[in-house]
Structures are given as C-alpha cells and as structure tokens.
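Working notes, beginning with the structure itself.
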Protein chains: 2
Amino acid sequence: MVQNKKIPDSAQPGPEKQILIAAKEVFLEKGFDGARMQEIADKAALNKALLHYYYRSKEKLYRVIVKDIMDQFFPVVFGVFDETGSLSDKITRFFDLYIGFLLDNPLVPQFIIAEIVRKPEMLMEFFSGPMESGVILQLSELIDECVRKGEMRPIPTEEFLMNLISLSVFPIIAKPILMNFLEKDDKEYNELINERKRVTADFFIRAIK
Amino acid sequence: MVQNKKIPDSAQPGPEKQILIAAKEVFLEKGFDGARMQEIADKAALNKALLHYYYRSKEKLYRVIVKDIMDQFFPVVFGVFDETGSLSDKITRFFDLYIGFLLDNPLVPQFIIAEIVRKPEMLMEFFSGPMESGVILQLSELIDECVRKGEMRPIPTEEFLMNLISLSVFPIIAKPILMNFLEKDDKEYNELINERKRVTADFFIRAIK
DNA sequence: GTCTATAGCGGGATAGAC
DNA sequence: GTCTATCCCGCTATAGAC
C-alpha cells in the first residue's frame with residue numbers, strides 16, 4: 001500500500017528518489033527498529049549497498065524521512081482558520097480537510113505518535129518550523145473575536161485545539177482496536193470516518209456554543 | 001519510572017515476578033523491537049538466561065505482558081455507565097476516572113496503539129474478553145433511554161463512544177507533541193490534563209444536548 | 001554509480017557447570 | 001534454579017571489483 005508520494009524537493013527521478021519512496025513506506029509501516037535496510041532495498045529494486053552509498057547509515061536515512069513526514073503533516077493542521085467564512089464554516093472545513101488527509105495517510109499520525117514519542121529529541125530538531133508559524137496566537141485571536149460576536153462561549157485556546165485534533169486523529173490511529181470493538185469491517189469503518197467529517201463538525205460546534 | 005505494578009495472578013514474589021515487572025516496564029517504554037532481554041534482566045537484577053528458563057523466548061514473555069496490559073486497560077473503560085445517577089453524572093465520572101487512570105499509566109495507551117496496530121493478529125488473541133462484555137449494547141440502551149427522557153439528542157452509539165475515548169486518550173498519547181506545540185513544560189501540561197477531567201465532561205455534555 | 005562479498009557486532013537462545 | 005560461557009543468526013556497514 002503506497003502511503004504517500006510526496007518526497008523532498010531535491011530528489012530527481014532516479015535511485016536516490018526510489019530509495020526515499022521505499023524508505024518512507026517501510027519506516028511508516030515498521031518504525032525505525034522494525035525496518036530493515038534489505039526490505040527498503042528490495043522495495044526500491046536496488047542493492048542494499050546503494051542505500052549506504054547515498055545516505056551513509058540507516059539513522060541518516062531515517063532522519064530524512066522523519067523530516068519529510070513532519071513537513072507534510074503539520075502544514076495541513078494550520079492555515080485553515082485564516083480563510084474567510086463564519087466560524088461554523090471554518091470548523092466544518094477543518095474537519096473535512098483534516099480527516100480527509102488522515103484517511104489518505106493513515107500511517108502518518110500513527111508514525112508520529114509511535115516514533116516521536118519514543119525519541120523526543122527528534123521533536124526539537126524538526127519542530128522549529130511549524131512552531132514558529134504562530135498558529136496558537138492566531139487561533140486565540142479568532143476565538144476572542146468570535147466570543148465578542150457571541151458566536152461561541154469563551155474557551156481556552158489549548159482546549160479548543162486539543163479537542164479539534166483529538167476528535168480528528170484518534171479514530172484513525174486507533175482504527176484496528178475500534179474496528180474490532182465496534183464490530184465493523186474495513187469498509188464500514190472507513191465509511192464511519194467519512195461521515196465523521198460532517199458529524200464531528202456538528203458535535204464540535206454544539207460544544208462550543 | 002515505574003509504570004504499573006499490577007502483574008498477573010499466579011506470580012508469587014520471586015524471580016518470576018521480578019521478571020514480569022521488569023519486562024512490563026521495558027516493553028511499555030521500548031516496544032517489542034526496541035526492548036532488549038539484557039535490559040530486562042538488568043532491571044530485574046537477574047541473569048539473562050533466567051528469562052529464557054522461565055519464559056522460553058522473548059516472544060512468549062512479550063505475550064504475557066501484552067495480555068496483562070490489555071486485561072488491565074479495558075475494564076477501566078467499561079462499567080462506568082451502569083452505575084446510578086444522571087447522564088451528566090455518568091459522563092463526568094467517566095472522564096474523571098478514565099483520565100485519572102491515563103495520567104497514572106501514560107505509556108499504556110501509547111503501547112496499545114503503537115504495538116497492536118503493527119501486529120493486528122494479537123488483537124484477536126486478547127480481545128475476546130472485553131468484546132464479550134456487551135458494552136456497546138449496554139451503551140446503546142442508555143442512550144435510547146436518555147433520548148426518550150429528553151436528556152440528550154439522538155446520537156449513534158459509535159459516535160458517542162469514539163468521541164468519549166478520543167477526547168480522553170489522545171492528549172495523553174500525543175503529550176510530547178502537544179506539549180511542544182502549546183509551549184508547556186511537563187508540570188503545566190499535567191495540570192492541563194487534570195483540568196480536562198472537568199472541562200472535557202462539560203464540553204461533551206454540551207455537544208450531546 | 002552499482003554490484004558482490006564479507007566484515008563485525010549485537011542480541012536471542014542454549015549448553016553445561018554448580 | 002541460577003549462573004557463565006558461548007553459539008549463531010540477522011543485520012548494518014564497508015571493502016573492493018567492475
């Protein structure tokens with residue numbers, strides 16, 4: 001299953017890019033410890049030695065992939081709230097866009113949770129970019145404004161953001177468990193998540209009214 | 001950091017139990033691939049060979065720990081809704097209890113997500129117990145009743161349950177990322193989660209009204 | 001740049017003394 | 001039952017031919 005084709009900038013078609021595509025697939029699925037250089041090489045239809053020729057070590061290759069995944073993941077969260085429209089529109093658009101992205105890339109949030117949580121050092125390394133974008137501040141201002149207009153009750157920005165993300169992401173990363181629990185098959189579960197785009201926006205809007 | 005002392009039934013104080021306690025700590029923190037038998041032995045202050053004497057293989061030891069973790073985790077989710085009180089009381093009690101448990105055992109949900117998601121076979125193996133308890137059915141009936149009484153709007157059981165769990169669990173498993181994102185230190189973040197016991201119950205109750 | 005072959009080691013597992 | 005010593009495989013990494 002191809003998870004995602006968005007691979008860095010620099011990479012021209014050729015072995016270097018093939019490696020990145022294969023590595024991303026394998027690391028996403030298996031994590032650092034579970035991934036094997038041999039499997040990446042096989043998937044890229046190349047020799048194992050070439051991986052080291054281009055990227056020196058497993059660790060170095062991994063870091064490239066982590067950066068790629070983080071760069072792709074975080075911008076999606078942001079920049080939805082600075083468009084036009086009512087608060088309800090923005091929230092509706094957020095869930096639609098974000099859950100849509102997660103459905104296309106289910107392994108991405110799981111990877112970030114599982115891997116970054118166990119190697120918090122890496123966070124600091126790759127997190128400066130998104131951090132600086134000032135989303136928190138921007139969101140705070142939006143909330144203030146909506147409260148003034150009476151479109152919502154006052155809610156701490158942290159709570160607003162946490163709930164927004166929790167409701168979107170958790171059903172994706174816990175899919176196997178929740179599937180089992182709710183006795184759904186794969187198709188049914190994905191339909192459920194698809195409905196959540198709408199349904200969760202409604203849920204959220206009611207909660208902040 | 002001792003995560004949790006609740007270790008199976010059978011285990012008397014002695015090497016067998018020491019191994020389980022150490023193994024649980026290491027597997028919780030590192031996962032199967034990341035865990036080292038040597039580290040478990042060191043932590044249990046025993047020889048590596050003894051691990052194999054008692055549990056034959058890393059895999060076998062791991063299965064014992066997984067079962068222990070699952071057995072301890074799932075009952076907490078259940079059995080909160082069959083007590084007395086109004087719907088609001090039940091929801092408030094749920095978040096209080098569940099988030100409290102998660103704060104005491106932050107690695108447990110992360111472990112279940114990270115490990116079980118990558119070895120779905122294991123789910124089937126250990127999931128029969130909780131599955132059979134009929135929580136879904138029970139919750140459906142509660143919702144029906146509350147809708148009849150006008151205490152809440154009609155909501156699919158799946159949605160109700162997913163949102164309940166998402167709002168509780170996600171902020172715990174994504175702690176390192178959210179901490180960074182919200183620019184909180186460890187203490188501040190835990191306080192935030194503690195407030196969520198109350199605050200999230202309120203959020204949820206508003207959403208289903 | 002791309003391959004084959006192999007070094008080197010970490011780590012799970014076992015043999016065997018006590 | 002508990003230890004030390006060791007086996008042996010799998011995997012990262014490198015040497016070196018082409």
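Note on naming: letters A, B, ... go to the chains in the order of the sequence lines (proteins, then strands), and numbering restarts at 1 for each one.
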Looking at every strand, decide which applies to B:Y54 at a 4.0 Å heavy-atom threshold: base, sugar-phosphate, or nothing.
sugar-phosphate
What does A:A41 touch in the nucleic acid at a heavy-atom separation under 4.0 angstrom: a base, only the sugar-phosphate, or nothing?
nothing
Rounded to the nearest Å, what distance is computed from the [atom1] atom of residue [X] to the [atom2] atom of nucleotide [N]?
{"X": "B:F32", "N": "C:dG11", "atom1": "CZ", "atom2": "C1'", "result": "12 Å"}
{"X": "B:Q38", "N": "C:dA13", "atom1": "CD", "atom2": "C1'", "result": "13 Å"}
{"X": "B:L50", "N": "C:dA13", "atom1": "CG", "atom2": "P", "result": "15 Å"}
{"X": "B:K60", "N": "C:dG12", "atom1": "NZ", "atom2": "P", "result": "15 Å"}
{"X": "B:L51", "N": "C:dA13", "atom1": "CG", "atom2": "P", "result": "10 Å"}

Are B:F160 and B:F204 near enough that their ring centres are under 6.0 Å apart?
yes
Separation of B:L178 CG from B:K184 NZ (nearest 0.5 Å):
11.5 Å
Quick check for you: name the first and last nucleotides of DNA chain D, 5' to 3', having an atom under 4.0 Å from a heavy atom of chain A.
D:dC11 to D:dT14
Option passing ring pair (Phe, Tyr, Trp, His ring centres under 6.0 Å) with A:Y62 (candidates A:Y55, A:F126, A:F27)
A:F27
Short side-chain N/O contact from B:R36 to OP1 or OP2 of C:dG12, under 4.0 Å:
yes
Would B:T157 and B:S140 count as having a side-chain donor-acceptor pair, cut-off 3.5 Å?
yes
Just by distance, with hydrogens left out, do B:Q38 and B:D42 show a side-chain donor and acceptor under 3.5 Å apart?
yes
Ignoring hydrogens and angles, does a donor from either the side chain of B:K48 or the base of C:dG12 sit under 3.5 Å from an acceptor on the other?
yes
Starting at the 5' end of DNA chain D and moving along, which residue's nearest nucleotide shows up first, A:N47 or B:A45?
B:A45
Distance under 6.0 Å and angle within 45° of ring axis: A:K175 vs A:Y189
no
